[in-house]
Amino acid sequence: MSRRAAAAGSQSSLREANKALVVSTVQRYGGLTQVELAAATGLSAATVSTIVRDLLAAGVVDTAVTTRSGRRAQMVTLARRVGLAVGIQIGHRHLRVVLGDFAHEVVAEQTLPLPHEHRSDTSLDRAALLVVDLLERIGSELDEVVGIGIGVPAPVDASTGMVSVPGVLRGWEGEHLAQVVGKRLGRPVHVDNDANLGALAEYTLGAARGYRDAVYVRASYGTGAGLVINGRVHRGFAGTAGEIGHVQVDPQGLICRCGSRGCLDTVVGAAALVEPLRASQGPLTLRDVIARARAGDPGTAQVVADAGATIGAVVAGLGMAVNPQCVVVGGELAETGEVLLQPMREAIRRRVLLNQIAPLEVVPAELGARAEVVGALVLALQSADVPARVDDTADLSVAAPPGDAGAGGTPDGERDEDRDQGQDEDERRAAVG
Ligand SMILES: [Zn+2]
């Protein structure tokens, strides 16, 4: 609901709308001080203070004393009793599950290895069992879970929650992931591409915090990117936005699993990285390559550096299209640090226009290997309905109007962005400073 529409309504509906605005703002950032809440919502400090008191009495928020710029401040978070969410990341070789609360705090997590070319049915089964296991570990139950986010290494059609392009993730096509897990666990499920979720996490909590336009690059068994444009994750018409692993870098190159020739993934994917090392170092895995490059082995470091330069050139092209304020680099390959980042930075620096005002920042993901799974958690939290009251006789009516913070809305929960962009951006900086 826009604030203008609310003003036309009655006094009490205005109060409810303001309350919903405060709840959805806290939901989006994880936690804000009252001063920051006033700036982010455009409400007066007195109104925010009254609403926070009401929400505290209703059990919806918790407050705690914190400091901002050396002053005491009242930090507002959604209460733990409002619920937990689940983040699941399906990787090429592992499965990661986290449980977290509305303050974006991870309260339990577990990673399991997955076999090469694992299939959707068995992997989703293991994920579901792991969720129940983790809940048990912290003494919680499924009915406390407000939603589940799942990240997969393939383009996802947001409207169906299915892998939208065949060939990219074998054994996962035609599987209705949200439906399968939803049926199994009985909670709302939201599915997205892993690089998009990495972008969402780094934008909400990590290295891209405080920026409006950012590119997240995931360099792993394959390469992908997530785009944040004007504060929203940009997925594109069929969910393939940012699929830089399938940009052509070698017109005479190998045929990619997507069917095209000479894709970036055929040059810097796991198989391409281990191949030139076979003669001198024997058969290696991607993990071996990463470990040896980190330990300073010159041969493997050269392979990773060459990959960095090639990825950097493609990201520079993407950067020309998007004009981001920063490039955040995650995925397993980023564990080699400057071995990968320095040549990427070099390739991006060579594109004059990208660095016109200031050098385009290329920085490692702050959330490291957890960026994608934390992004899945954030997706679930931002998509959840927050109840207006939380107590023994829980009122099931919803504080945020349906479609505002509802499961059917835009999954990244950035709906009120248009309302007050400039102020919101100042606020983001204040919130994280
Ligand atoms: Zn391809």
Side-chain angles (χ1 to χ4, degrees), residues 89-94 114 116-120 151-158 160 162-175 177 191-199 215-227 233-278 285-286 289-290 303-304 306-322 327 329-334 340 343-344 347-348 372:
Q89 184 206 1
I90 311 275
H92 282 283
R93 294 298 180 86
H94 69 262
L114 289 178
H116 184 48
E117 304 263 314
H118 56 86
R119 294 178 45 82
S120 61
V152 291
V156 171
D157 183 338
T160 60
M162 294 167 78
V163 173
S164 61
V165 176
V168 176
L169 192 60
R170 285 191 199 106
W172 288 72
E173 288 109 0
E175 183 78 280
L177 309 185
V191 186
D192 203 349
N193 166 261
D194 55 3
N196 288 348
L197 293 175
V215 168
Y216 174 77
V217 177
R218 177 172 159 72
S220 178
Y221 290 85
T223 309
L227 312 178
V233 174
H234 176 78
R235 298 179 171 81
F237 173 61
T240 66
E243 284 291 327
I244 55 171
H246 304 282
V247 168
Q248 192 182 54
V249 294
D250 182 4
Q252 269 79 52
L254 300 174
I255 296 292
C256 176
R257 64 206 142 93
C258 78
S260 296
R261 187 182 289 283
C263 291
L264 178 63
D265 272 359
T266 66
V267 178
V268 305
L273 293 189
V274 300
E275 196 47 45
L277 294 162
R278 188 181 297 274
T285 64
L286 184 67
V289 172
I290 292 163
V303 164
V304 173
D306 289 347
T310 310
I311 296 169
V314 172
V315 173
L318 179 66
M320 289 305 302
V322 173
V327 173
V329 187
E332 281 90 337
L333 221 50
L340 179 81
M344 274 190 77
I348 289 168
E372 289 76 16

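Indexing begins at 1, ligand by ligand and atom by atom, following the structure's order. We number each residue from 1, following the sequence as shown.
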| query | Quick one: are Q248 and S260 in side-chain contact, heavy atoms under 4.5 Å? | reply | no
| query | Counting no waters, what protein N/O/S atoms lie under 2.8 Å from the Zn ion (ligand 1)? | reply | H246 ND1, C256 SG, C258 SG, C263 SG
| task | Would you please classify the geometry between the H118 ring and the W172 ring as parallel, tilted or perpendicular, with 30° and 60° separating the classes? | result | perpendicular
| said: Which residue in the set V233, V152, D192 passes side chain to side chain contact (heavy atoms under 4.5 Å, CB included) when paired with L197? | reply: D192
| query | Heavy atoms, side chains only, cut-off 4.5 Å: are L333 and L273 in contact? | reply | yes
| message | Using 0.5 Å steps for rounding, measure from the CG atom of D194 to the NE2 atom of H92. | response | 7.0 Å
| Interatomic spacing from CD in E332 to NE2 in H94 - rounded to 0.5 Å | 6.0 Å
